[in-house]
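This structure is a prediction, so every number in the text was calculated from the model and none was measured.
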Amino acid sequence: MTNDAHDHRDRILDTAAEQVRRFGEAKTNVVDIAKAMGLSHSALYRHFRSKADIFDALAARTMAEEAELAARYALADGSAAERLRGLVVALHRSKRAKLGNDPEIHGLYRRVMIERPDLVADYARRMTGLVRQILQDGVARGEFRIPDPDVAAGVVRDAVTVFVHPAHVEQAVLAGLDLEPRLQAVLDALIAAFAATG
């Protein structure tokens with residue numbers, strides 16, 4: 001894909017996101033997006049097959065942004081424990097902020113996560129890989145003692161899913177629960193379990 005085509009796709013996604021924010025997902029269609037861009041709807045079909053394809057791409061872009069956020073912690077300096085904690089807490093806060101500041105896009109993202117398990121599986125692989133990278137670095141530094149970093153990364157993923165999955169975050173917010181203290185306690189337990197002692 002050329003840079004121009006990539007830029008055009010990004011502009012379509014930006015416009016689609018604005019239409020979803022203004023009118024909601026159900027009332028946003030390809031014709032409306034095209035009109036807002038001053039284009040014919042056939043021009044959009046050169047880049048996306050359907051409205052669903054546009055919405056899937058919006059969700060995928062949100063996932064990519066979260067992966068970039070997580071990668072900053074995986075690549076940062078500092079102890080593995082601090083970076084692991086920072087990564088998971090940042091994701092949790094990002095999901096809460098998205099729900100509070102951008103509820104229409106959060107709703108679209110949540111729905112796509114239910115309907116597109118392939119996107120979710122790819123996202124989970126990327127995130128688990130970043131966690132594994134931090135754990136392996138902790139082992140290399142002598143900070144962690146972990147026999148199998150692949151298994152340990154999966155344990156972290158499973159242990160924190162309730163704190164970072166959009167549906168769980170939404171339910172907690174609706175119930176008036178602040179999950180961050182519980183998340184910190186889970187991270188304390190994981191880090192203590194991984195710590196190289198003795």
Practice task
Using a strict 4.0 Å threshold on nitrogen-to-oxygen distance, state whether R116 and D122 make a salt bridge.
Solution key: no

Exercise for the section: State whether R85 and E82 are salt-bridged, where the test is any N-O pair (Lys NZ or Arg NE/NH1/NH2 against Asp/Glu carboxylate O) under 4.0 Å. Expected result: no

Nearest-0.5 Å distance, [atom1] of residue [X] to [atom2] of residue [Y]:
X	Y	atom1	atom2	value
D32	T15	CG	OG1	12.0 Å
M127	L69	CE	CG	7.0 Å
D56	R111	CG	CZ	7.0 Å
L84	Q133	CG	CD	12.5 Å
S94	N101	OG	CG	10.0 Å
H92	L179	NE2	CG	5.5 Å

According to a 4.5 Å side-chain heavy-atom criterion applied to Ile, Leu, Val, Met, Phe, Trp and Tyr, with indirect links allowed, do [X] and [Y] form part of one hydrophobic cluster?
X	Y	result
V89	V173	no
V156	V169	no
L87	L75	no
V155	I191	yes
I33	Y45	yes

Practice task
Establish, from distance only, whether the side-chain atoms of Y123 and E66 form a donor-acceptor pair under 3.5 Å.
Solution key: yes

Exercise for the section: For the residue pair E170 and H106, confirm or rule out a side-chain donor-acceptor distance under 3.5 Å. Expected result: yes

Closest heavy-atom pair and its distance - [X], [Y]:
X	Y	result
A153	L135	N-CD1, 3.6 Å
A80	G138	CB-CA, 3.6 Å
A57	L13	CB-CD2, 3.7 Å
R126	A64	NH1-CA, 3.8 Å
I146	A152	CG2-CB, 3.5 Å
K51	A26	NZ-O, 3.5 Å

Problem - Atom CZ of R46 with >12 non-hydrogen neighbours under 6.0 angstrom - result: no

Handout entry: V139 vs F194, side-chain contact (heavy atoms from CB on, under 4.5 Å): CA-CA, chis, key distance, verdict
Key = CA-CA 9 Å; V139 170; F194 295 151; over 6 Å; no

Exercise for the section: Using salt bridge (Lys or Arg N to Asp or Glu O under 4.0 Å) as the criterion, point out the one residue from R96, K95, R110, R21 that pairs with D102. Expected result: R21

Exercise for the section: Check step by step if salt bridge (Lys or Arg N to Asp or Glu O under 4.0 Å) holds for D14 and R61. Expected result: CA-CA 10 Å; D14 290 342; R61 185 166 74 170; 2.9 Å; yes

Handout entry: Audit row: M37, R11, side-chain contact (heavy atoms from CB on, under 4.5 Å) steps and yes/no
Key = CA-CA 8 Å; M37 295 183 73; R11 286 197 304 275; 4.0 Å; yes

Problem - Residue pair R72 / L130, side-chain heavy-atom distance below 4.5 Å - result: no

Practice task
Find out whether R93 and E180 are in side-chain contact, i.e. whether some heavy atom of one side chain is under 4.5 Å from a heavy atom of the other.
Solution key: yes

Practice task
Begin from the C-alpha positions of L39 and H8 and carry the test side-chain contact (heavy atoms from CB on, under 4.5 Å) through to its verdict.
Solution key: CA-CA 12 Å; L39 300 172; H8 200 64; 3.8 Å; yes

May I ask you to decide if [Y]'s main-chain N or O and [X]'s side chain share a donor-acceptor pair within less than 3.5 Å?
X	Y	result
T28	Q19	yes
R83	Y73	yes
E104	G24	no
K98	I105	no

Exercise for the section: Under the ring pair (Phe, Tyr, Trp, His ring centres under 6.0 Å) rule, collect the residues that match up with F163, sequence neighbours excluded. Expected result: none

